[in-house]
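Along the sequence shown, residues are numbered consecutively beginning with 1.
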Amino acid sequence: QVRLVESGGGSVQAGGSLRLSCEISGYGYSSYCMGWIRQAPGKEREGVATIDSRGSTKYADFVKGRFTISKDNAQNTLYLQMNSLKPEDTGTYYCAVESFASCQWLLEKPDEYNYWGQGTHVTVSS
């Protein structure tokens with residue numbers, strides 16, 4: 001059974017930083033795309049960043065230069081380091097994994113991920 005568990009959300013002032021973690025278990029494919037997706041209140045989900053099994057990363061334009069996605073294969077953990085946070089970064093952040101679509105596709109169409117975590121909330125105040 002595939003399980004993804006996010007942690008690390010919280011409240012922070014604009015300009016601050018947070019690091020999200022996602023522990024993944026039970027995923028058996030060696031080739032994959034892992035990603036972070038967010039959903040602001042009243043808005044659709046949007047792809048934030050992806051990393052594939054080779055370590056290649058992609059970012060949405062609105063987080064480039066501020067967020068960094070990484071993974072620790074030994075710990076089966078996905079991370080999202082978020083710096084220079086803005087109030088518009090507020091939302092629920094989800095991690096997800098998929099093996100049958102490219103990271104570029106999943107960044108643009110995050111609903112195509114098959115496996116999701118439960119989400120962790122991030123609130124950025126001005």
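Ion pairing between a basic and an acidic side chain is recognised when a charged N comes within 4.0 Å of a carboxylate O; Lys64 and Asp61 show such pairing. Ion pairing between a basic and an acidic side chain is recognised when a charged N comes within 4.0 Å of a carboxylate O; Asp89 and Arg66 show such pairing.
At a threshold of 4.5 Å between side-chain heavy atoms, the hydrophobic network of Ile, Leu, Val, Met, Phe, Trp and Tyr places Phe100 and Met34 in one connected group. Leu85 and Tyr94 are assigned to two separate hydrophobic clusters, defined by single-linkage of ILVMFWY side chains at heavy-atom distances under 4.5 Å. Neither Trp105 nor Ile69 shares a network with the other; the hydrophobic side chains, linked directly or stepwise wherever heavy atoms of I, L, V, M, F, W or Y lie under 4.5 Å apart, form separate groups for each. Hydrophobic clustering keeps Ile24 apart from Tyr79 (ILVMFWY residues linked when any side-chain heavy atoms are closer than 4.5 Å, directly or through intermediates).
Counting only N and O atoms by type, the side chains of Ser99 and Tyr27 include a donor and acceptor under 3.5 Å apart.
Considering only heavy atoms from C-beta on, Asp111 stays 4.5 Å or farther from Lys109 through its side chain. For the pair Leu80 and Thr68, the minimum side-chain heavy-atom distance is 4.5 Å or more.
What you find for Gln104 and Lys58 is that their closest heavy atoms are OE1-CD, 3.4 Å.
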Test log, rule side chain to side chain contact (heavy atoms under 4.5 Å, CB included), inputs Lys86 and Phe62: CA-CA 10 Å; Lys86 304 175 181 180; Phe62 52 80; over 6 Å; no

From CA spacing to verdict: side chain to side chain contact (heavy atoms under 4.5 Å, CB included), Tyr32, Glu98: CA-CA 6 Å; Tyr32 52 77; Glu98 173 59 48; over 6 Å; no

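Test Thr57, Ile37, Leu107 against Thr50 for side-chain contact (heavy atoms from CB on, under 4.5 Å) and you get one pass: Leu107.
Checked by atom type and distance alone, the side chain of Glu23 never pairs as donor or acceptor with a backbone atom of Glu6 at under 3.5 Å. A donor-acceptor pair under 3.5 Å links the side-chain atoms of Thr77 to the main chain of Gln75, judged by distance alone. The main-chain N or O of Leu78 is never found under 3.5 Å from a side-chain atom of Trp36 such that the two would form a donor-acceptor pair.
Ring centroid separation for the pair Phe67 and Tyr59 does not come in under the 6.0 Å cut-off.
A perpendicular orientation is assigned to the rings of Trp116 and Tyr113, their planes being inclined by more than 60° (bins at 30° and 60°).
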